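Accompanying notes for the structure given below.
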Amino acid sequence: NLPGVNLDWVEKVFNCFLIRDPKDVILSYIKKYKITSVYQLGFPQQFHLFTHLREKNGLIPIVLDAKDILMDPESILKILCRSLDIPFTKKMLKWPKGRRDSDGVWGKHWYGSVERTTNFQIYQTKDEKMPVEYIEVYEESMEYYLQLYNHRIQ
């Protein structure tokens with residue numbers, strides 16, 4: 001969501017926000033790229049979009065936290081399906097190994113572990129320390145993340 005881009009189109013679709021702890025995002029991101037701004041990670045943009053939809057529709061959009069999904073995928077997906085009024089099926093908990101067309105252009109850059117697995121892997125806490133040069137980005141990201149986290153389904 002670049003500044004000045006018209007977001008009216010998002011009101012015509014159903015929106016669901018997938019959030020992830022900024023520490024996990026940053027530790028993953030810096031393995032491939034240097035972070036120079038919180039905007040690279042998308043936290044401000046995601047919060048802006050959430051706020052836009054909430055104010056426009058008067059409803060709180062669905063928010064899912066990646067950790068919650070990994071800790072109990074079946075329960076969270078059942079709640080999501082109820083919210084969307086679609087039937088849950090256990091097939092949602094598995095996928096074929098390898099790349100899929102549905103992964104889009106980012107798949108080859110970010111979905112390596114998904115391509116190597118066939119189901120959700122249990123969440124594992126990262127023992128890595130936040131590099132000092134990213135503390136400010138982390139703290140700013142946390143402010144946005146926590147605003148959405150408080151609305152997550154569980």
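Small disclaimer: the values here were computed from a predicted structure and weren't measured. Heavy-atom basis, side chains included; hydrogens, waters and symmetry copies ignored.
- A donor-acceptor pair under 3.5 Å is formed between the side chain of Lys23 and the backbone N or O of Glu128.
- Side chain of Asp103 to backbone of Arg100: a donor-acceptor contact under 3.5 angstrom is found.
- Separating the NE2 atom in His48 from the CG atom in Leu7 is a distance of 5.5 Å, to the nearest 0.5 Å.
- Centroid-to-centroid, the aromatic rings of Phe43 and Tyr144 stay 6.0 Å apart or farther.
- A salt bridge between Glu74 and Lys90 is present, with a side-chain N of the basic residue lying under 4.0 Å from a carboxylate O of the acidic one.
- Expressed to the nearest 0.5 Å, how far CD1 of Ile35 lies from CD1 of Ile26 amounts to 5.0 Å.
- Expressed to the nearest 0.5 Å, how far CZ of Arg54 lies from CG of Leu49 amounts to 12.0 Å.
- Using cut-offs of 30° and 60° for the angle between ring planes, the Tyr145 and Tyr149 rings count as tilted.
- For the atom pair CG of Asn15 and CD1 of Ile62, the computed distance is 9.5 Å after rounding to the nearest 0.5 Å.
- For Phe120, the ring-ring contact (aromatic ring centres under 6.0 Å, His included) criterion is met by Trp95, not counting sequence neighbours.
- Leu59 and Leu148 fall into different hydrophobic clusters, defined by Ile, Leu, Val, Met, Phe, Trp and Tyr side-chain heavy atoms under 4.5 Å apart, directly or through other members.
- Between the side chain of Ser83 and the backbone N or O of Ile79 there is at least one donor-acceptor pair closer than 3.5 Å.
- Ring-centre distance between His151 and Phe50: below the 6.0 Å cut-off.
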Next item on the list: For the pair Gln40 and Thr36, evaluate side chain to side chain donor-acceptor pair (under 3.5 Å) and give the outcome as yes or no after the intermediate values.
Entry: CA-CA 7 Å; Gln40 279 176 268; Thr36 58; 2.9 Å; yes
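- Proximity of a side-chain donor or acceptor of Arg20 to a complementary backbone N or O of Leu18 within less than 3.5 Å is not detected.
- Side-chain N or O atoms of Asn150 include one that pairs as donor or acceptor with a backbone N or O of Leu146 at under 3.5 Å.
- Checking side-chain atoms of Thr117 against main-chain N and O of Val114 turns up a donor-acceptor pair under 3.5 Å.
- Remark: Lys67 pairs with no residue by the side-chain hydrogen bond (donor to acceptor under 3.5 Å, both in side chains) rule, at least two apart or across chains.
- A donor-acceptor pair is defined here as one N or O able to donate and one able to accept, closer than 3.5 Å; no such pair exists between the side chain of Glu139 and the backbone of Val137.
- Separation of atoms CZ (Arg152) and CG (Leu64) is listed at 10.5 Å; rounding is to 0.5 Å.
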